[in-house]
Colleague: 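First the structure, which I've put down as structure tokens, then a few questions once you've had a look.
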Amino acid sequence: MDSLDNKLDLPWEFSEANKSKEILSYYPSNYKQSAVIPLLDLAQHQHGGWLHVSAMNVVGKYHLLVCGTTPCMICGSRDIESVLLDHLGVKRGEVTKDGLFSVREMECMGCCVNAPMITLEDYSNGSQGYTYNYFHETQDPKRIKCGPEGGNTTLLGEPKPLQFRDLDAC
Ligand code: FES
């Protein structure tokens, strides 16, 4: 909710003193995105203990996250990442020259059945209009939604009642 001192059209940027802090230099080149929490913490301290909504929007607009965990990697997530990086002309963790896109790796998105997985974090409407969408490779028309080809193969019958040990009989 907008307020007089916290709304999207109020400009915000790091102070010169905070710009000179080299937080990003503490992180390896392929994990610069891990600096986002300390950078937001710095922004919060600069702003007197709370995080201005415009400060959250300084971090970019479209973040493409490619799953790098084993099931997605086996199903070609590295190839998808290469295509994205080539197409956008950036390295992993870099932002395009127009400041719109970045590509990063993410660990398991909990959707391995649809590997390989990509997520798009969309900040184009600011942090208040933020959306987070999954995209996956289940384009096989024989699959229905996330189910296996040919239909379900497990949990087809009525569940069996739970078995409990009779502790009084011990
Ligand atoms: S391994 Fe990619 S979603 Fe689980």
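First listed ligand is number 1; within each ligand, the first listed atom is number 1.
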Colleague: Angle subtended at atom 4 (Fe) of ligand 1 by SG of C108 and SG of C112, to 10 degrees?
Modeller: 90°
Colleague: May I ask you to test the T69-E105 pair for a side-chain heavy-atom distance under 4.5 Å?
Modeller: no
Colleague: Within the 4.0 Å heavy-atom shell around C72, which atoms of ligand 1 are there?
Modeller: 1 (S), 2 (Fe), 3 (S)
Colleague: Would you mind reporting whether E81 and V103 have side-chain heavy atoms less than 4.5 Å apart?
Modeller: yes
Colleague: Could you check whether the rings of Y123 and Y130 sit parallel, tilted or perpendicular, using 30° and 60° as the cut-offs?
Modeller: tilted
Colleague: Mind checking the CG-CG spacing from L51 to L42? Nearest 0.5 Å is all I need.
Modeller: 10.5 Å
Colleague: Quick test: of every protein heavy atom, which one is nearest to atom 3 (S) of ligand 1, and how far off is it to 0.1 Å?
Modeller: M109 N, 3.3 Å
Colleague: Can you tell me how the ring of H47 sits relative to the ring of W50, calling it parallel under 30°, perpendicular over 60° and tilted otherwise?
Modeller: perpendicular
Colleague: Going by the order shown, which atoms of ligand 1 are within less than 4.0 Å of some heavy atom of C67?
Modeller: 1 (S), 2 (Fe), 3 (S)
Colleague: Does ligand 1 have an atom under 4.0 Å from some heavy atom of P116?
Modeller: no
Colleague: Does ligand 1 have an atom under 4.0 Å from some heavy atom of C111?
Modeller: yes
Colleague: State the atoms of ligand 1, each with its element, that fall below the 4.0 Å cut-off from a heavy-atom position in M117.
Modeller: 3 (S)
Colleague: So M106 and V66, do their side chains get closer than 4.5 Å, heavy atoms only?
Modeller: no
Colleague: Show which atoms of ligand 1 fall inside a sub-4.0 Å distance from at least one heavy-atom site of P71.
Modeller: 1 (S)
